Structures are given as C-alpha cells and as structure tokens.
There are 2 protein chains.
Amino acid sequence: MWSIDEVLEKLKSRGYKLTGQRKAIIEKLCGRKDHPTAEQLYSELQKSHPAISFATIYSTVQLLAEMGFLQILTIDDKKTHFDPTPETHAHFFCQRCGLLEDIDMSQEERDTLKRLSKYRARSMQVYLYGLCHECDKK
Amino acid sequence: MWSIDEVLEKLKSRGYKLTGQRKAIIEKLCGRKDHPTAEQLYSELQKSHPAISFATIYSTVQLLAEMGFLQILTIDDKKTHFDPTPETHAHFFCQRCGLLEDIDMSQEERDTLKRLSKYRARSMQVYLYGLCHECDKK
DNA sequence: AATTACCTTTAAATAGTTATAAATTAAGTA
DNA sequence: TACTTAATTTATAACTATTTAAAGGTAATT
C-alpha cells in the first residue's frame, strides 16, 4: 500500500499540481479496503469540498490509475468501482446485493495468468461472480 | 460449443417462445469466435430483420446468458461484448485498438481460481490488458 | 379461427461518464 | 509580496449504452 506523501511526491515529480481537491481525494482513498464508486467518493467529499465535481473525481482517479496507485474495476456492470490497492488480486462480486470483496492470489498464480497470452499483459483482473453467504440463504 | 437446435430446445422446454427474432440472434451467434457488441449484432441483423430493436437484442442475449449459452464481458469499459463460447476461458484486450481475443486456460487453472473465494463462484472472468503486437510497435 | 400470455417495437427515460468553456488557482518568477 | 501563466476545477451540457413502459403483434395451444 501507498502513503499520501508518496502519491503527492510522484504527482509533483511528474509536473502535476497539488490541488486541494486532489489531496482530498487521495486522503479519502488512502488505506481503504473497500471499493468506492465515483458517487460514493462524491458524497463523502461533500463535507470538506461542497463544490467538488464528478469531473474532478473521474480525472483524479484516472491519474492515480495511470500512476499505478489504484485499479479501476468493471466487475459491476452498473458502475465502476475504484480499488486503492494496486497490487494484483482477485475480486468476488455478489450478484444479488453487490458485495465486492478482495481475494488474495499468490504471486505464482498471478504470474501464471499473466503469461497465458501471447501479448505482454500490463495488468489483469480476475472476477468471481456468485452469491454471498447472506444472499445464498434466501 | 452449442448448436442452434440445442438452444431452441432449451428455450422451449423452459416455456419461452421461439420467435423469429430470437432464432435470428441465435443463428448469428452460433459458432462465432469473435465477441460482438449489441451494436454489431444490430447492424448485422438489419438485412434479415430491418425492424429489430436493441431491446430485443439485449433481452435475448441476457436470456442466453442465464441459460449458460454465452458470457457477457465487461472487459471494455466503453461497451459490453458477448462471447458465444460459454466455457470459462481468459480474454486479452488491447487498450489501444480494442482487439479482444480468447485465451485458453486449463481446467486445473480454472478450478484453482474458482476456489480462491470463500463464496461459491458461479462464474468467473479473467481479463488481461495490454497492447497487441500491432499497437506495441507504435 | 380464437384466445391468451408472451414478445417485440417504438419512444422515451435513465444513468454513468465525458467534453467544453469560463473561472479559479498552484507554483514559479520578479 | 505581487504577478504571470498554464494547469485545474467547476458548471453545464452533451453523449452513449442500456433499460423501461406502453401499445400493438404473434407463437402456441385450444
């Protein structure tokens, strides 16, 4: 995982400006284990930044993804989720309630998968779909 | 892979009607190795069914997915692709040109992945992202 | 041929995301 | 500190893929 300062430094070193909005978004993401959507970040940021816009959120998050600090997940076809943990791992998605959980994967497993293609894979996603325990009961 | 008749029978056995549109869509998908979008199916069906609608395409494809005849891929965040090969395998997506290719995976590999989660996985997707050979040159 | 429930079409709505242009601001410089 | 400039943010509108609702059409059974 990364620290706020680490991200800010990299932004600066690449010539990006350290704006209040960027800092706020980075702080909101730092250390999180869940997978917020743009909507979620937007509403969480209302208190500190009532005027923040979706455009800023989307562009910042994209920047962070390009710099390798987060992953953009398309596991949920309704909306995009952001994962502040950049290291490759798998995800489980409950098709009933939308629960989205991390799943560990060994380095060996990751390497094996990345080598499956004849092209060089920059990144990878492993998505498992099903029902969580709660939803399976019903 | 499945045959047209196989799909029609299953539809019938589940009480669904065998309409001309459904048959046409199933025929268009049968045996395909690519991953058409709704748009693509729509335009390909214009000749034989000039009045077909997106609503029909989306609902039929969803039906086929529920019955296990195709997979709905969210590898491309711009649009959904349909994969008429229902057996689990991986996919590669070129982030520059959009090339979308199948990748084989051993049964063993599939089982290992599906067992990673504490929940029972009904289905799984493995997406590799990068540049195809063409795009990598530039 | 008549019936009926299901299906397709049309049209409009929805929702997530992106583009544009004007206003703001970070950061370097005098 | 004030000034300058280019990057960034905001507000708004646009866009696009997908879904929904209502009305008419049709497959399958009688």
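The model shown is predicted, which means the values in this text are computed figures rather than measured ones. Note that these values count all heavy atoms, side chains included, but never hydrogens, waters or copies made by symmetry. Residue numbers begin at 1 in each chain, while the letters A, B, ... track the order of the sequences.
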[N] phosphate, OP1 or OP2: any side-chain N/O from [X] under 4.0 angstrom?
| X | N | value |
| --- | --- | --- |
| B/T80 | D/dT18 | yes |
| A/T56 | D/dT10 | yes |
| A/K12 | C/dA27 | no |
| A/Q21 | D/dT10 | yes |

Which whole-number value in Å describes the distance from [X] [atom1] to [N] [atom2]?
| X | N | atom1 | atom2 | result |
| --- | --- | --- | --- | --- |
| A/E9 | C/dA27 | CD | P | 14 Å |
| A/H49 | C/dT25 | NE2 | P | 11 Å |
| B/D76 | D/dT16 | CG | P | 15 Å |
| B/Q40 | D/dT16 | CD | C1' | 17 Å |
| A/E39 | C/dG16 | CD | C1' | 10 Å |
| A/L11 | C/dA26 | CG | P | 15 Å |
| B/K17 | C/dC6 | NZ | C1' | 4 Å |
| A/L8 | D/dT8 | CG | P | 14 Å |

Note to self: Looking at B/R32 and B/E44, is there a salt bridge between them, counting it only when a charged N and a carboxylate O are closer than 4.0 Å?
What the structure shows: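 A salt bridge links B/E44 with B/R32.
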Checklist line | Touch class at under 4.0 angstrom, heavy-atom based, for B/T19 against every strand present | finding: sugar-phosphate
Check: What does B/A55 touch in the nucleic acid at a heavy-atom separation under 4.0 angstrom: a base, only the sugar-phosphate, or nothing?
Finding: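 Base contact.
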Do [X] and [Y] have side-chain N/O donor and acceptor atoms under 3.5 Å apart?
| X | Y | answer |
| --- | --- | --- |
| B/E101 | A/Y119 | yes |
| B/D83 | B/H91 | yes |
| B/H89 | B/D102 | yes |

Notebook entry, point to check: With respect to the side chain of B/Q62, which nucleotide from D/dT19, C/dT9, C/dT8 is positioned closest?
Noted result: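 Closest nucleotide to the B/Q62 side chain: D/dT19.
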Notebook entry, point to check: Which of the following nucleotides, D/dT18, C/dA27, D/dT10, is nearest to the side chain of B/A38?
Noted result: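 Output: D/dT18.
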Checklist line | A/Y127/B/Y127 aromatic ring centres below 6.0 Å | finding: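 They qualify: ring centres under 6.0 Å apart.
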Item checked: 5′-ward residue of the pair B/K78/B/F54 relative to DNA chain C -> B/F54
